[in-house]
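Quick caveat, the model's predicted, so the values are computed rather than measured. Position 1 is the first residue of the sequence, and the numbers go up from there.
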Amino acid sequence: MNQNNTIAMGLLFGAVTPILGYIAIDFIFYALESMGLMAEASASAMIKRERTSTLLALCCNLLPFQYAKKRRFDKIIVGILLTTFVYAGAWLYRYYDMLF
């Protein structure tokens, strides 16, 4: 059994991956805007873009999840899922008024 197969490692991967994903997605949006391939967001579209970017960043947790699943790191999977549920709850709380 691998010594790194701990819930703490899963919590770490699950917490850091969406943050890095958000930074990457945000960079891609700004790069596309600066190249003229995408229109700049107005105030109303900026909220939708932020909401979409955070949701896509949350989906970035699928990458370490699939890696852990393939390697059968069950405790890491639990940690990743715990942080994903916390982030998803925070996302739903933040954008609840706009969604429902």
| request: Test Phe13 against Asn61 for side-chain contact (heavy atoms from CB on, under 4.5 Å), laying out the working first. | output: CA-CA 8 Å; Phe13 285 133; Asn61 261 350; over 6 Å; no
| task | State, yes or no, whether a side-chain contact exists between Arg71 and Gln66 at a heavy-atom distance under 4.5 Å. | result | no
| remark: Tightest non-hydrogen contact, residues Thr17 and Pro64, listed as OG1-CG, 3.7 Å
| Are Leu55 and Leu92 linked, directly or through other ILVMFWY residues, by side chains that come within less than 4.5 angstrom of each other? | yes
| note | Rounded to the nearest 0.5 angstrom, the NZ-CZ distance for Lys70 and Phe65 is 13.0 Å
| query | In terms of side-chain heavy atoms, does Ser53 have a donor or acceptor partner in Asp26 at a distance below 3.5 Å? | reply | no
| message | Looking at Ala31, is its backbone amide N or carbonyl O close enough to the side chain of Ser34 to form a donor-acceptor pair, meaning the two atoms are under 3.5 Å apart? | response | yes
| field | Phe85 reachable from Ile7 in the ILVMFWY side-chain graph, under 4.5 Å edges | value | no
| request: Is it possible for you to say whether Leu62 and Leu58 belong to one hydrophobic cluster, with membership spreading through side-chain heavy-atom contacts below 4.5 Å? | output: no
| task | For residues Ile77 and Ala68, report the shortest heavy-atom separation together with the two atoms involved. | result | CG1-CB, 3.7 Å
| message | Let me confirm one number: the CD1-SG distance from Ile23 to Cys60, rounded to the nearest 0.5 Å. | response | 11.0 Å
| Is there a side-chain contact (heavy atoms from CB on, under 4.5 Å) between Leu82 and Val78 once you walk through the steps? | CA-CA 6 Å; Leu82 285 173; Val78 170; 4.2 Å; yes
| Got a donor-acceptor contact below 3.5 angstrom from the Thr54 side chain to the Arg51 backbone? | yes
| query | For the side chain of Asn4 and the backbone of Met9, is there at least one donor-acceptor N/O pair under 3.5 Å apart? | reply | no
| query | Under 4.5 Å between side-chain heavy atoms, hopping through other hydrophobics if needed: is there a path connecting Phe100 to Tyr95? | reply | yes
| query | Do Leu99 and Trp91 pass the side-chain contact (heavy atoms from CB on, under 4.5 Å) test, and can you show the C-alpha distance, the side-chain angles, and the key distance before you say yes or no? | reply | CA-CA 11 Å; Leu99 296 172; Trp91 182 87; 3.6 Å; yes
| field | Ile76 vs Thr6 side-chain heavy atoms within contact, under 4.5 Å | value | no
| query | Within a strict 4.5 Å, meaning less than it, do heavy atoms of the Tyr87 and Ile19 side chains meet? | reply | yes
| message | Check for me, please, whether Leu37 and Ile25 land in the same ILVMFWY cluster - side-chain distances under 4.5 Å, paths through other members count. | response | yes
| Which heavy-atom pair separates Ala57 from Gly21 by the least distance, and what is that distance? | CB-C, 4.0 Å
